[in-house]
Every structure is written in C-alpha cells, then in structure tokens.
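Down below is the structure, laid out as structure tokens.
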Amino acid sequence: MSAPKRYLITSALPYANGLKHVGHLAGAYIPADIYVRYLRAHQRDVVFVCGSDEHGTAIPIQAKKEGTTAQAIIDKYHQAMKEDFEKLSISFDIYHRTSAALHHQTATDFFDTLEKQGALQTKETEQFFDESAHSFLADRYIKGTCPACGSDRAFGDQCETCGRSLSPEELLNPVSTLSGQPPVKKKTTHWYLPLDQHEAFLQEWILKQHQKDWRPTVVGQCKGWIEGGLQPRAVTRDLDWGVSLPARIKGADGKVLYVWFDAPIGYISATKQWALDNGKDWKPYWQDKETKLVHFIGKDNIVFHCIIFPVMLKLHGYILPDNVPANEFLNLEGDKMSTSRNWKLDMRDYIQDFVEAPNGGPQCVDMLRYYLTQIAPETKDSEFTWKGFQEAVNSELVAVFGNFINRTWVLMHKLCQGKVPPFHATFKDGTDEELLKAIVDAPKKIESLLEEYKFREALFEIIDLSRKGNQYMQKKEPWIVAKQIEQDPSAQARIDNCLHLCLQLTANLAILVNPFLPHTAKTLLHQMKVVEKMLQWENAGRIDLLKTGYSLRAPQLLFRKIEDQEILTQLEKLKKQTMSTPDAGSALPAEKSIAPAKATIQYDDFAKLELKTGIIRAAEKVEKADKLLCLQVDLGSETRTIVSGIALHYAPESLIGQSVTVVTNLAPRKMKGIESNGMILMAETTEGKLVFIQPAQPIDPGAIVS
RNA sequence: CGCGAAGUAGAGCAGCGGUAGCUCGUUGGGCUCAUAACCCAAAGGUCGGGAGUUCGAUCCUCCCCUUCGCAACCA
C-alpha cells in the first residue's frame, strides 16, 4: 500500500445559526484534527478545509427570531464558530464560508456543468406557498393537525407527538409557521438530481469496494438507502437566500440552490480559497486520483456524504471520498444534547469556564481534547459526564501520563544533574530491552490505528506506553539505587540507564501525543529544549532523540487536576440553563416565537367552537400506540369516547375523575381504529409536559365554556 | 410500520465458534522519586431475553425487547 500523493480532509460544515457544542466537536472536528496533525507530522501534503454553512431557510428564520438580518446572523455565528475552533486548536488550513463570492461562483458553476451535460432533470410540482410572507414553504414550516393522532403539533414532515412521518398534503388545517396563515398551493419548477440513475454505481462503489474499510454503520445505512430505492432529489428551491442559478437558465428567478447541494461544494470553494491564499493549485486536490479525500462527519450526515455528494462529484468528474468515518452521537449527563432544550455544553462555555479561566490555559484545551477522544462515539453513542471528564483528566492524564514525565524530570534533576545521562550498554538488562521494544513498537501500532480512524484506541496506546514507563521505573527504583551509590560503583550507571530510557521515552511520547494533544507536545518540547522538527513522525521509535549530556529545563506540571467543586459548578449550571430555556420541548427553536402570530379571528369564528367541561370516567391504553389513551369523558348529557395523545404524560388510572375542558363539536376522527369524538384542551409546560385546562372549582360536567 | 447501528463486570470499551479481556472505579497489600501518587493483587459478568444450528455459541440463524439514527438546520 503506497501512500497517497496528497490528502484533502474535510470536517462537516457547521450551520451558522448558533453556537456549536462539544458533541459536534467530538464528532467531526477533533477526529479530523488528530488525523490531519498526524499526516502533517508525517510530512504529507495535506489540506484541512472547513467553513460555515450559511444558506438554507433556517438562517432567515433565525434572523427573524433575533430581530435582525440574515447577513448579520451569519456574520455573527461565522465569526463565533471560527474563534471557538481556533481556541480549541482545530487546525483548519482554511475556515471558509458559503456566503463568500468565490463559493457562490463555484456552486453556480458546478450546477451549470451538471445542467449542461444533462445530468439534471426538471419537474413542475405544486408546493405550498405563503402569500403574506411571499415565500414557498419547506415541509418543516407548515404546521397543522396530525391525521394520525390528532395532535396539533404536527409539521409538514413529521408529527411531533406521535412521530409519524407526514407530507404537507396530509396535514389537517395547515398553516404557515411564518405568518400563521393557511398556505396556498402554487406551481413551481425545480431541477432534480436523479439519484435513481446512479444506483448501480453506488452499489458497486460502496457495497462492493468499501464494504470492508468503511465503518459498519456507514455501509449499513447506505445499503438501506440504496436497496430501498433512491428518488430524484430537488436541487433548487424558491427562496431569496442562497446561491443563484446560472444566469443563462430561464425561469431561474427567485430560485436558489438547495442548501444540501450548495453546502458540500463549500469544501471545494474552501480549497480554492486556500490555494489562492497560498499560491497553490487547487485542482489536483479534487481531480487527481492520487488524492485521498476523507470526510469527517456525524452519523446524521451520512446520506449526503456517501450518496448524494459522491454522485455530484462523479458527474462532475471529481474524485470520490476514500472514506467517510462518521461518528455516532455524544450524549450529555444521561440525555441527548439538545439545542432547543439547552441541554448541551457549548464549545464556547468550556472555553470561558476552563481555557480562559485564571487557572486555565492551553492545558485545558488538551484536557477536553483528551476526554472527547477517549469517549469518541466511534462505534455507538457515548456519553459526556463531568464526573467522567474529571476522572479521565485526574487519573489518566495527570496520574499516569503527566506523572511519568514529572517523576522522570524530577529524578533526572536530582540524580543526574539535570542532564541527559549516558547509557551504559554493559548494564543493559531484560527490563531495559522490554521498554526499548515497547518504544520501538508503539509508533507502528498507533500509526495503523490512526490509518483506520480508531482514534480512541490510538490514544489509549499512548497512555498505555506511559503506563509502561511507570512500570519500568518502578522496577528500576532509581531512588532506591541512589542510596547505594557509596557502596556500589555500578549504582550511578544503573540510574543513568533508567533515566536515559525514561527521557527517550518522554521524547517519543511527545511525538506520539502531538496529534492528539498539541499543547502538551509543545510544553514537552520546551522542557526538552528541542526544536519542533523533533515531532516529525519518522522520529517516533528512535531511542536517541535526546543527546547524552544535554541539559534540560526544570520540571513543569503538564496538567492540573479537576477539583470536585468545578464539576459541581458545571452540573448546576447545566441544570439552571435548562430550566431557564423559554422554548424547552420545542423541536424547532423558531417555532414558539412564531406560533403566537396566529391571525386575528372574528368572534364568529370563535363562536363556532363548542367547549364543555367534562370528567374522565375511564381511561385505557390504546393497543400498539405508544402515546394514545382512549378516554371515556362524562359530559353530563352523554359520555363520549375521546382518544388523546397523552399516554407518555399520564398513567391511565391517574386520570379517572379528572376535570377537563373538551372541544365537543370537532369532527370525529378515527385513530388506530377507535373513533374519537372531541378533543381535550391541554397546555404545555416549558419542560414539554402536558397539563389539563381545568375549571378552578368543581363544576357539573357538561357546563358550557365561553 | 420499515431500514440501519448498538445492547458484554459499577462506568467506558475489546473480543465475534473452543477455559470471558482491557482501562477507570472499588477493596486489600507494597512502595515512596513523583500533582497522596505509583506498583502489585483481589473482588465484580448466567456476554439484553427466548428458541435453533453445532461436539461446543458472547460470537452463526430466527423471533422478541430496549436505545440511538434514518434525506431537506442538526456531528
């Protein structure tokens, strides 16, 4: 296996509508950064590109929410994300943005090329349009009543209550979340990428060629999609925020490239900008077969990077990714990270609370990088806990790795005058041989793990190597041997040998740990008084990195401990920020602020509703439905069957005797085969819990509410 | 509903047909150069549940359960 001529490494483009959290960091950025730093240490030709994804409907929506312009939003978050990545030492060669003119040009041209060669299809469809907002509506921005469970929290793509996937046409009483007005249908023409025509290629390329070297979860997902039959996908949208279509195309007014089409092209435009900035040629990176392209992403992005973008690249004549090491997700303290519920740890929060704290500094960057790599969700979802963070730092980084180096340095100063002692070959024994073998073997092992994108294991090997150093030192006990110097003429030689090897091991550790913990490597360089060139990967495994007689600096602690109080503070902070989130439980941040803007209605409209009080007499779970309860509600004159989607909030028994408010003249609707005759009014707390709207004092069932 | 991935000691993970391993944590011992640490040892698992194939299954097959993801903002 010969090494590729050059590498192009990408990390998923973060969407510029908010700050990114440590889950993002662990999923797509740290692994890529480790890989890239490793390649650079190997003197490989490598470019690491990323940038902000700044198009799509969510950006104008976020702007509306924050009361500003789309441009202001992307500027703000682009800047913030760029800074955060820098502060956590993610070493992009370029952090670009899709709003850049170069990107617009690149993406338009890309579309143009595909269009000219007839690779795209056009189709006229009817889509929902919001007349007052003058905008076509994405499925997600249409809200209505779910035809399956009757919840009014259903969106054009999915019902939030019963989880069923929907199309906008199925919604009852659809309204636009932009204006609250019912949308109208309007004809529009769009370009499509006929993915179905490329099934054979994908089958061959992924399921045959990459079955073994891609992660099982990636191949598995692709298999599902390919075998399930691919559909043509719309490439354009009616929107005024995004990349324009080529001017030569008729009917392109008011249309932009769909964000999924434009975003991955961001990798290409970023490469172009990097080449411009550095006087290089970008073309080989995308066109030469000897370039190895690797996309680092999260698992939710697999379809774009393994199916759609490769089809685009192939049509355009560009190279295909060699691998797409997608990570699973990172949970936080027992729950999914969620922006809307504010259950997350933003990169920025960590930077402020640790890196920029008085006792912080770059070592805190490495601590986070260490923990996130150690728990990287490479094969399944994993979990960030503050306790885990503390343990990883205190008992591995500090106690094993840091301590080995510290004791080596202290002893070297105490017993060897602060200089690299000579190695006396005549006193070499089996223990020395063992350590030497470990030093020589480690790089190969770590290298092959890195080549397989097994970062967690590679990092473990490094810590394990320092653990071997500790064991070696324990066996050698130079502090004991030092007491025999008077009587035993060989004592000093044995001490010398021990510390000589420990120092060479330290130099090796610096090289090996450099891709993972760059600041630690730098501190070690300083302590060893050597130049950065020593960190080149080819030096790993050498046992003559430090010259005999060379005097070294005083010991310096590499990592500080994480105190109990610090993690308690973070846990409290997490709890507090979650409780204070105004739109907790909402799947779409923009939704709550827009929902109140329902159109004014006349009294007549209100009068159409018949509301009555009722009392629940019986309740039972509906079979084969997680969320539905079948209720018998006493309305005085009659008892009605009402099916309600509240099973996750209330046990059936606990509902007997509850007073409720019922919409009694709602058209009957069948759910799971049971006819529901009415709807129970509920309000939702900020935690997403549903509570009944009840009369303030007991009242006979059947009383009219007005 | 369907598709994909995952379910192995308190936690995090390896193993994937032949006496169940690693790291952290816990307990005990040793040691003291080191950020009260390091070294050694022990305890701790009916490998999600059930059935089948096999001389033999954590590993293969089938069924079930749980968790996560699944194409239009999400790592």
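By convention in this document, chain letters (A, B, ...) are assigned in the order of the sequence lines, proteins followed by strands, and residues within each chain are numbered from 1.
Taking atom P on both B:C68 and B:C13, the two are 15 Å apart, rounded to the nearest angstrom.
Nucleic acid contact class of A:Lys336 (heavy atoms, under 4.0 Å, all strands): sugar-phosphate only.
Remark: C1' of B:G12 and CZ of A:Phe384 are 14 Å apart, rounded to the nearest angstrom. To the nearest angstrom, C1' of B:A72 lies 17 Å from CD1 of A:Ile302.
Here the straight-line distance linking atom CZ of A:Arg456 with atom OG of A:Ser382 works out to 7.5 Å at 0.5 Å rounding. Here the SG atom belonging to A:Cys306 is positioned 9.5 Å from the CG atom belonging to A:Leu202, to the nearest 0.5 angstrom.
Considering only side-chain atoms of A:Glu391, the nucleotide from B:C13, B:G25, B:A71 that sits closest is B:G25. With B:A71, B:C39, B:C68 as the choices, the nucleotide that has an atom nearest any side-chain atom of A:Asp381 turns out to be B:C68. Side-chain atoms of A:Phe460 lie closest to B:C22 of the nucleotides B:C22, B:G25, B:A71. Side chain of A:Ala399, nearest nucleotide from B:C38, B:C22, B:A71: B:C38.
Under the 30°/60° scheme for interplanar angles, the aromatic rings of A:His305 and A:Phe309 are found to stand perpendicular.
Partner A:Arg233 forms a side-chain contact (heavy atoms from CB on, under 4.5 Å) with one of A:Val311, A:Ile307, A:Ile308 and no other, that one being A:Ile308.
Regarding contacts with the backbone of B:C38, every side-chain N or O of A:Lys475 stays at 4.0 angstrom or more from both OP1 and OP2. Checking the phosphate oxygens (OP1, OP2) of B:G25, a side-chain nitrogen or oxygen of A:Ser395 falls inside 4.0 Å. Contact annotation: A:Ser382 does not reach the phosphate of B:C68 (side-chain N/O to OP1 or OP2, under 4.0 Å). Taking 4.0 angstrom as the limit, A:Thr57 places a side-chain polar atom (N or O) nearer than this to OP1 or OP2 of B:C73.
The shortest heavy-atom contact between A:Ile302 and A:Cys222 is CG2-SG, 4.1 Å. For the pair A:Met473 and A:Leu411, the tightest heavy-atom approach, listed with the atom from each and the gap, is SD-CD1, 3.9 Å.
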*For RNA chain B, what dot-bracket results from Watson-Crick or G-U pairs at under 3.5 Å, with [ ] for crossers and | for inter-strand partners?*
.(((((((.[[[[.)..(..]]]].(((((.......))))).....[[[[[..)....]]]]])))))).....

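Within residues 324-332 of chain A, the residues that place at least one heavy atom under 4.0 Å from RNA chain B are, in residue-number order, A:Glu328, A:Phe329, A:Leu330.
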Taking only nitrogen or oxygen atoms into account, show me every contact under 3.5 Å that the protein makes with nucleotides 40-43 of chain B, one pair per line with its distance.
residue	atom	partner	partner atom	Å
B:C40	OP1	A:Gln471	NE2	3.4

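For the salt bridge (charged side-chain N to carboxylate O under 4.0 Å, His left out) test, no residue two or more places apart in sequence or in another chain qualifies with A:Arg407. Applying the salt bridge (charged side-chain N to carboxylate O under 4.0 Å, His left out) test to A:Arg348 and every residue at least two apart in sequence or in another chain returns A:Glu83, A:Asp84.
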*If the sugar-phosphate is the primed atoms plus P, OP1 and OP2 and the base is the rest, what is the B/S/- string for nucleotides 29-36 of chain B, using protein heavy atoms under 4.0 Å?*
-B-SBBB-

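Ion pairing of A:Asp496 with A:Lys419 is absent here, as no side-chain N (NZ or NE/NH1/NH2) approaches a carboxylate O to less than 4.0 Å.
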